[in-house]
There are 2 protein chains.
Amino acid sequence: MADDYTVSAAAELVGVSVRTLHHYDQIGLVRPGNRSNAGYRLYSDADLRRLHRVVFYRELGLELGEIAEILADRDVDHLGRQRELLVARISHYEAMLTVIDRELAARAAGIALTPRERREVFGQDFVAHAEQARREWGDSKEFVQRQQRTATYTQDDWQRLREELAAINGKLAEAVGDGTPATDIKAMDLAEELRLHTDRWFHDCDHDTHRGLAVHYKENRRSGRNYDDMAPGLSRYVHDAIVANAERHRSTVD
Amino acid sequence: MADDYTVSAAAELVGVSVRTLHHYDQIGLVRPGNRSNAGYRLYSDADLRRLHRVVFYRELGLELGEIAEILADRDVDHLGRQRELLVARISHYEAMLTVIDRELAARAAGIALTPRERREVFGQDFVAHAEQARREWGDSKEFVQRQQRTATYTQDDWQRLREELAAINGKLAEAVGDGTPATDIKAMDLAEELRLHTDRWFHDCDHDTHRGLAVHYKENRRSGRNYDDMAPGLSRYVHDAIVANAERHRSTVD
DNA sequence: GTGAACCCTGACGTCACGTCGGGGTCAAAT
DNA sequence: ATTTGACCCCGACGTGACGTCAGGGTTCAC
């Protein structure tokens with residue numbers, strides 16, 4: 001309980017260098033609970049627990065500043081959060097693995113992918129960085145459910161998911177190109193397809209929830225595709241269509 | 001075929017910044033195939049392929065210097081290698097996930113782990129960094145087999161594996177503490193246990209192969225435990241015992 | 001009481017870029 | 001024909017997360 005560890009002992013226990021501990025002390029990320037009368041750093045068990053968390057989050061590529069924020073959150077379930085991050089990371093890498101396997105298959109069949117196709121299939125925007133997504137989505141029920149569901153997806157699932165989404169997005173881009181207004185029945189139907197896609201693949205998504213999410217499309221964040229890259233004004237268009245669709249549904253219910 | 005991409009086009013295609021491309025050009029990691037007469041960088045499809053590989057390896061945390069070396073290797077199957085790296089990384093994270101789940105279970109049972117136990121179970125030395133392991137082991141048959149086998153291990157497998165190894169190592173530490181010579185029959189028997197463990201969990205390992213691996217123990221590298229941390233002189237002792245054991249076996253066969 | 005092994009605090013080096021600043025280039029619109 | 005805005009160049013300084021000395025104090029076992 002009351003045993004304190006010297007720098008080198010602490011460093012070895014968590015697998016970092018002494019210099020790293022000095023650094024963390026300097027920037028205030030992990031401060032030793034007390035010092036010997038000669039000024040030696042003495043780390044308590046509590047310090048070590050904190051340090052261990054820092055190391056864990058760092059392993060997953062978070063910056064020290066972010067880590068400090070996360071750790072500042074009193075009342076956050078670190079184990080649960082770490083688990084989520086890991087699961088997200090694993091599914092990210094599994095998605096990459098899928099791509100590799102597909103390329104290997106393509107190569108075996110004598111086909112080479114163009115850079116553009118590779119980007120398509122790679123979908124690196126798609127598998128967004130977990131912590132950033134967290135900042136956008138907060139601790140919402142939807143986020144958690146999304147994490148849980150996607151964690152179990154196979155390579156084929158991801159493939160199907162992406163294809164379905166691409167189909168809907170294509171039709172949306174076409175609609176905005178045609179000059180179809182976002183309140184047109186066709187646009188609303190596409191918004192409905194989008195909602196069902198989300199509901200099917202990510203998390204429960206009724207019309208009200210979908211309206212709540214619409215703002216994310218308008219702000220054209222990283223979490224999905226960059227809609228405006230597909231067609232100018234598309235991100236706003238999608239937002240408006242979703243809102244119109246949600247409105248339509250409400251009026252048929254009330 | 002002959003289409004060239006400008007910096008920004010190339011950058012967006014692979015998902016990096018323009019500055020990054022400037023940097024890679026400067027250090028010679030990815031040089032654009034040619035330049036416009038105004039001095040604009042023009043990336044060919046081949047350049048993009050190279051760039052894509054760089055980005056991939058970087059995503060997995062390799063340093064640019066390492067990446068340069070890997071790419072310098074003419075005649076290396078990048079897709080295969082990338083696959084291996086990914087698989088290794090995934091199994092690494094899955095091992096971490098196991099630990100988290102075990103801690104969650106422990107917490108549910110009202111038990112808290114001490115830092116030392118956490119380190120034990122975390123085994124971060126154990127799940128070594130893949131590229132470093134690769135440098136130690138080269139492209140040997142053993143390495144590849146190890147990758148393939150361990151990729152399919154469940155959390156329980158890893159747990160069992162670690163426990164078995166810990167048991168053998170414990171007995172070895174005891175033996176060196178007793179002053180038992182490495183050529184003693186007891187030491188040789190322990191070396192044999194080590195060999196069977198490797199053969200069972202990692203890759204085919206006959207006595208000759210094992211003798212070949214012995215040097216890794218002596219050099220006390222990261223790939224396994226730091227043997228000398230368990231007992232002074234243990235790394236050399238294990239090496240000697242393995243060699244003696246291999247010798248013994250040969251004489252009974254010849 | 002004297003090494004060897006640890007500890008301290010600067011302070012400078014490094015890697016992989018981010019971020020200006022000043023200035024040329026190019027295609028389209030005026 | 002020029003202007004506008006988006007794009008390009010290079011040089012240089014800034015930054016995050018440490019690595020790596022240099023110079024000097026501390027602890028502990030022999």
Side-chain angles (χ1 to χ4, degrees), chain A residues 3-43 47 50-51 53-71 129 131-132 228-229 232, chain B residues 3-43 47 50-51 53-71 129 131-132 222 226 228-229 232:
Chain A
D3 13 314
D4 281 340
Y5 302 81
T6 64
V7 252
S8 58
E12 211 207 332
L13 226 49
V14 299
V16 301
S17 73
V18 169
R19 177 63 176 93
T20 298
L21 292 189
H22 285 178
H23 185 57
Y24 291 170
D25 188 1
Q26 226 170 14
I27 66 175
L29 183 55
V30 182
R31 289 244 153 89
N34 46 354
R35 298 257 191 157
S36 80
N37 46 11
Y40 287 19
R41 270 164 262 254
L42 295 175
Y43 291 86
D47 297 333
R50 183 177 171 88
L51 180 54
R53 285 175 185 163
V54 168
V55 170
F56 180 95
Y57 286 120
R58 193 195 56 172
E59 254 249 20
L60 290 170
L62 305 206
E63 290 168 20
L64 300 190
E66 293 183 272
I67 298 177
E69 278 180 44
I70 296 177
L71 294 180
H129 193 290
E131 245 338 273
Q132 180 184 325
D228 281 337
D229 285 354
Chain B
D3 12 313
D4 281 340
Y5 302 82
T6 65
V7 252
S8 57
E12 211 206 330
L13 226 49
V14 299
V16 301
S17 74
V18 169
R19 178 64 176 94
T20 298
L21 291 189
H22 284 179
H23 185 56
Y24 291 171
D25 188 0
Q26 224 170 17
I27 66 175
L29 182 55
V30 182
R31 289 243 153 87
N34 46 354
R35 298 257 191 157
S36 80
N37 46 10
Y40 287 19
R41 271 163 262 254
L42 295 176
Y43 291 85
D47 297 334
R50 182 177 172 90
L51 180 55
R53 283 175 185 162
V54 169
V55 171
F56 180 95
Y57 286 121
R58 193 194 56 171
E59 254 250 19
L60 289 170
L62 305 206
E63 290 168 20
L64 300 190
E66 294 183 272
I67 297 177
E69 280 180 44
I70 295 176
L71 294 181
H129 193 291
E131 247 337 273
Q132 179 182 327
R222 278 278 164 84
N226 251 6
D228 282 337
D229 285 354

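Note that the coordinates shown come from a computational prediction; the quantities given were computed from them, not determined experimentally. No hydrogens, no waters, no symmetry mates; every other heavy atom, side chains included, goes into these values. Lettering follows sequence order; numbering is per chain, from 1.
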Side chains of [X] and [Y], heavy atoms from C-beta outward: is any pair under 4.5 Å?
X	Y	result
V30(A)	L71(A)	no
L64(B)	Y24(B)	yes
R53(B)	I70(B)	no
L21(B)	Y43(B)	yes

Exercise for the section: Extract, from 5' to 3' on DNA chain D, the first and final nucleotides lying under 4.0 angstrom from some heavy atom of chain A. Expected result: dA17(D) to dT27(D)
Handout entry: V54(B) and its side chain to side chain contact (heavy atoms under 4.5 Å, CB included) partner, picked from L62(B), V14(B), I67(B), V16(B)
Key = I67(B)
Handout entry: Length of the line joining L64(B):CG and dC15(C):P, which is rounded to integer Å
Key = 10 Å
Problem - Contacts of R35(A) that satisfy salt bridge (charged side-chain N to carboxylate O under 4.0 Å, His left out) - sequence neighbours left out - result: D25(A)
Exercise for the section: Ignoring backbone atoms, establish whether R41(A) has a side-chain N or O less than 4.0 Å from OP1 or OP2 of dC8(C). Expected result: yes
Problem - dC7(C) phosphate, OP1 or OP2, under 4.0 Å from T6(A) side-chain N/O - result: yes
Handout entry: Which residues share a side chain to side chain contact (heavy atoms under 4.5 Å, CB included) with A68(A), sequence neighbours left out
Key = L29(A)
Problem - Contact nearer the 5' end of DNA chain C, comparing A38(B) with G65(B) - result: G65(B)
Practice task
Please tell me which of E63(B) and N37(B) maps to the more 5' nucleotide of DNA chain C, matching each residue to the nucleotide holding its nearest heavy atom.
Solution key: E63(B)
Problem - By side chain to side chain donor-acceptor pair (under 3.5 Å) - contacts of S17(A) (at least two apart) - result: T20(A)
Exercise for the section: For DNA chain C, determine which residues of residues 18-36 of chain B have any heavy atom closer than 4.0 angstrom to one of its atoms, and list them numerically. Expected result: R19(B), T20(B), H23(B), Y24(B)
